Amino acid sequence: MLQLSDIRNNTEELKKRLAKRSEDFADKLDSVIALDDARKEAQHRLNELQSDMNSKSKSIGDLYKEGKTKEAESIKNETTKLKESIKEIDSSLSKTEEEIRDLLVTIPNAPHESVPKGNTDQDNEIIKKSGEPREINNAVPHWDLADKYKLFDLDLGSKLTGAGFPVYLEKGAKLQRALINWFLDSAIEAGYTEVIPPLLVNGETAFATGQLPDKEGQMYEMKEDPFYLIPTAEVPITNLYRDRILVEEDFPVKMVGYTPCFRREAGSYGKDVRGLNRVHQFDKVEIVQIQHPDKSYATLDEMVSYVEGLVSKLGLTYRIARLCSGDLGFTSALTYDMEVYSVAQEKWLEVSSISNFEAFQSNRLKLRYKNRDKKNILAHTLNGSAIALPRIVAALLENNQTDQGIIIPEVLQPYTGFKTIS
RNA sequence: GGAGAGUUGGCAGAGUGGUCGAAUGCGGCGGUCUUGAAAACCGUUGUACCGUGAGGUACCGGGGGUUCGAAUCCCUCACUCUCCGCCA
């Protein structure tokens with residue numbers, strides 16, 4: 001969430017940046033400031049009363065020790081009222097703090113100045129295209145190729161679980177492992193440290209990276225325990241650094257992790273859900289960085305090029321989009337999407353989303369660093385898919401189909417152990 | 001799942017109702033000494049909020065309670081450890 005101090009000090013700038021979002025948040029910012037004024041006043045009064053109480057308590061103790069029981073009793077009587085006032089102000093202060101928080105959690109991150117104003121993905125700005133898509137006559141969509149070569153089976157998955165839980169088979173299963181391993185090895189080579197986090201997280205963790213309360217209902221929730229299945233490795237990996245105070249020398253923190261991801265995708269049925277286009281469980285390798293605020297945008301560019309390198313080595317046709325304000329996630333200040341072209345479906349599939357959250361997550365994570373003046377400053381967090389598997393698989397199958405079978409990209413061959421699927 | 005013991009500052013570890021934001025040791029930072037370093041010695045060393053400032057307030061796993069006063073007593077939850085049970 002946005003920093004209170006920022007809202008107070010840079011009110012107009014934040015209003016301007018937030019105005020790009022579909023909803024107007026100017027009033028909310030003003031309300032936050034007004035509530036914060038009330039909070040300060042209450043805080044001040046409370047402190048005074050507490051101070052009074054502390055000194056009274058101290059003298060009661062002293063008086064008893066000196067045997068002056070009567071005097072002690074008389075001061076004790078005075079504290080009764082004081083105690084009530086403290087309780088009263090304390091609870092009203094808590095209420096105000098809660099109101100501030102309730103308001104703050106509904107305000108999204110302020111879009112970066114380069115974010116184009118817009119409503120839907122139609123308004124995203126294509127900043128790079130890798131060339132013209134290859135043309136294949138009578139291209140077969142990946143779900144039919146999967147049947148033909150026994151690569152994955154959605155019906156089987158729906159028997160075991162429900163719609164959107166693919167079962168990967170034979171070379172399809174091997175291809176998953178190959179991609180995961182190649183993605184991981186590439187990231188490690190690029191300086192990322194591998195982690196394997198839990199797949200279930202508690203509410204505090206989900207709150208800190210912004211999934212709660214914004215995406216409540218999009219995560220699978222456990223029945224017996226207050227845990228959520230992770231929708232992305234971003235959640236547990238970024239939270240590794242919750243409540244940490246770093247030193248500048250720690251930057252950049254670079255982590256990579258492979259996890260399955262679970263998404264309910266409530267409300268998105270019907271469209272674009274065939275085959276692997278949108279499933280409830282999928283595999284993803286995620287890269288996360290924690291960076292100095294001055295360097296986070298350079299890091300974002302670096303991460304985009306890194307992901308671009310991956311799709312490029314896979315030989316896929318891709319384009320990079322700068323998300324417009326309407327398509328920008330709640331927690332992000334600037335997001336680039338990597339999209340690959342799917343020949344049979346004749347459309348672009350989003351395979352990676354790379355975002356700079358600035359201090360939005362750090363504020364909830366309480367992730368800071370000590371600067372040279374020994375002040376604690378919120379760090380910036382970033383992450384990106386590197387990469388999500390299903391749509392990469394979809395594009396690979398469709399784009400690489402030939403009469404002789406499906407050609408496996410060279411970089412993957414050491415991992416698959418086969419060169420074609422036939 | 002059952003029984004028991006714990007959770008204190010960066011770490012280790014005292015503290016069982018008032019003088020405790022918290023002894024002591026280690027580590028970190030600054031200094032003295034030294035050609036340099038080590039050792040020794042001296043000083044300093046948590047986070048957040050309120051206040052222009054002096055200063056004040058809160059925090060000893062989380063939440064609640066008892067009390068004039070709680071790190072210390074009670075309740076509750078989470079976590080850690082030991083033993084038993086079950087199990088990959």
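A note on names: the letters A, B, ... follow the listed sequences, proteins ahead of strands, and every chain is numbered from 1. Keep in mind the model is a prediction, meaning the values are calculated, not measured.
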Student: Carefully, step by step, assess A:Leu200 and A:Leu229 under the rule side-chain contact (heavy atoms from CB on, under 4.5 Å).
Tutor: CA-CA 5 Å; A:Leu200 261 54; A:Leu229 273 167; 3.2 Å; yes
Student: Whom does B:U35 pair with, Watson-Crick or G-U wobble, provided both distances fall under 3.5 Å?
Tutor: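 Answer to the pairing question: none, since B:U35 forms no Watson-Crick or G-U pair.
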Student: Using atom C1' in both nucleotides, what's the gap between B:U82 and B:G30 to the nearest angstrom?
Tutor: 45 Å
Student: Who does B:U47 pair with, Watson-Crick or G-U, both distances under 3.5 Å?
Tutor: B:A58
Student: Does the structure show a Watson-Crick or G-U wobble partner for B:A71, both distances under 3.5 Å? Name it, or say none.
Tutor: none
Student: If we take the P atom in both B:A54 and B:C59, what is their distance in whole Å?
Tutor: 23 Å
Student: Say we look at B:C73 and B:C79: how far apart would their P atoms be, to the nearest angstrom?
Tutor: 23 Å
Student: With rounding to whole Å, what would you report as the distance between B:G85 and B:A3 at their C1' atoms?
Tutor: 11 Å
Student: Given the rule in the salt bridge (Lys or Arg N to Asp or Glu O under 4.0 Å) test, do A:Lys215 and A:Glu234 qualify, once you have shown the distances and angles that lead to the verdict?
Tutor: CA-CA 14 Å; A:Lys215 287 203 173 64; A:Glu234 159 199 351; over 6 Å; no
Student: Mind listing the closest non-hydrogen atom pair of A:Leu412 and A:Ile408 along with its distance?
Tutor: CB-CG2, 3.8 Å
Student: Counting only Watson-Crick or G-U wobble pairs whose two distances fall under 3.5 Å, which nucleotide matches B:G1?
Tutor: B:C84
Student: Classify the nucleic acid contact of A:Asp62 as base, sugar-phosphate or nothing, counting any heavy atom under 4.0 Å across all strands shown.
Tutor: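 Answer is nothing: A:Asp62 stays at 4.0 Å or more from every strand.
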Student: What does A:Thr79 touch in the nucleic acid at a heavy-atom separation under 4.0 angstrom: a base, only the sugar-phosphate, or nothing?
Tutor: sugar-phosphate
Student: Let's test this: given Watson-Crick or G-U wobble pairing with both distances under 3.5 Å, identify the partner of B:C79.
Tutor: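 Check on B:C79: paired to B:G6, both distances under 3.5 Å.
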Student: For B:A12, give its Watson-Crick or G-U wobble partner with both distances under 3.5 Å, or none.
Tutor: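 For B:A12, the partner nucleotide comes out as B:U24, under the 3.5 Å rule.
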Student: Could you tell me whether the side chains of A:Tyr192 and A:Gln289 share a donor-acceptor contact shorter than 3.5 Å?
Tutor: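 Short answer, yes.
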Student: Using a heavy-atom cut-off of 4.0 Å across all strands, would you classify A:Lys56 as base, sugar-phosphate, or nothing?
Tutor: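 A:Lys56: no heavy atom of the nucleic acid under 4.0 Å.
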Student: Of all residues at least two apart in sequence or in a different chain, which pass the side-chain hydrogen bond (donor to acceptor under 3.5 Å, both in side chains) check with A:Gln176?
Tutor: none
Student: With A:Tyr369 as reference, evaluate A:His292, A:Arg244, A:Glu248 under the side-chain hydrogen bond (donor to acceptor under 3.5 Å, both in side chains) test and give the passing residue.
Tutor: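 Going through A:His292, A:Arg244, A:Glu248 one by one, the side-chain hydrogen bond (donor to acceptor under 3.5 Å, both in side chains) with A:Tyr369 is satisfied by A:His292 alone.
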Student: Nucleotide range of RNA chain B contacted by chain A, 5' to 3', under 4.0 Å to a heavy atom?
Tutor: B:G18 to B:G69
Student: For residues 79-86 of chain A, run the donor-acceptor check on the side chains, cut-off 3.5 Å, and write out each pair with its distance to 0.1 Å, sequence neighbours left out.
Tutor:
from: A:Thr79; atom 1: OG1; to: A:Lys76; atom 2: O; distance (Å): 2.4
from: A:Thr80; atom 1: OG1; to: A:Asn77; atom 2: O; distance (Å): 3.0
from: A:Ser85; atom 1: OG; to: A:Lys81; atom 2: O; distance (Å): 3.1

Student: Taking the same atom, C1', in B:G63 and in B:A78, what whole-Å distance lies between them?
Tutor: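 The same atom, C1', in both gives a distance of 10 Å.
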Student: Using the test side-chain hydrogen bond (donor to acceptor under 3.5 Å, both in side chains), find all partners of A:Asp147 that sit at least two apart in sequence or belong to another chain.
Tutor: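 By the side-chain hydrogen bond (donor to acceptor under 3.5 Å, both in side chains) rule, A:Asp147 matches no residue at all.
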Student: Can you sort out which residues in residues 202-215 of chain A have a heavy atom within less than 4.0 Å of RNA chain B? Ascending by number, please.
Tutor: none
Student: Take atom C1' in B:C11 and the same atom in B:G27, then report the distance between them in whole Å.
Tutor: 7 Å
Student: When the P atoms of B:A22 and B:U44 are considered, how many whole Å apart are they?
Tutor: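 My reading of the P atoms in B:A22 and B:U44 gives 13 Å.
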Student: Decide whether A:Asn202 and A:Thr205 meet the rule of one side-chain donor and one side-chain acceptor closer than 3.5 Å.
Tutor: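 Checked: A:Asn202/A:Thr205 side chains pair up, N/O donor to acceptor below 3.5 Å.
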Student: Assess the residue pair A:Glu308 and A:Tyr336 against the criterion (side-chain contact (heavy atoms from CB on, under 4.5 Å)); give the C-alpha distance rounded to whole Å, side-chain angles, the decisive distance to 0.1 Å, and a yes or no.
Tutor: CA-CA 11 Å; A:Glu308 183 182 1; A:Tyr336 293 101; over 6 Å; no
Student: With sequence neighbours left out, which residue pairs that include part of residues 17-76 of chain A fulfil the ring-ring contact (aromatic ring centres under 6.0 Å, His included) condition?
Tutor: none
Student: Which residue, A:Phe227 or A:Arg39, contacts RNA chain B at a nucleotide closer to its 5' end, judged by nearest heavy atom?
Tutor: A:Arg39
Student: Say you pick atom C1' in B:G25 and the same atom in B:G15; how far apart are they, in whole Å?
Tutor: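 That atom pair is separated by 15 Å.
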Student: Give none if B:G30 has no partner; otherwise give the nucleotide forming a Watson-Crick or G-U wobble pair with it, both distances under 3.5 Å.
Tutor: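 When the pairing criteria are applied, B:C42 turns out to be the nucleotide that pairs with B:G30.
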Student: Start at the 5' end of RNA chain B and walk down; is the nucleotide closest to A:Arg368 or to A:Thr80 reached first?
Tutor: A:Arg368
Student: At under 4.0 Å between heavy atoms, what does A:Arg45 touch on the DNA or RNA strands: base, sugar-phosphate, or nothing?
Tutor: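 Nothing: the residue A:Arg45, judged by heavy atoms under 4.0 Å, touches no strand.
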Student: Tell me what A:Lys81 touches on the nucleic acid: a base, only sugar-phosphate, or nothing, going by heavy atoms under 4.0 Å.
Tutor: nothing
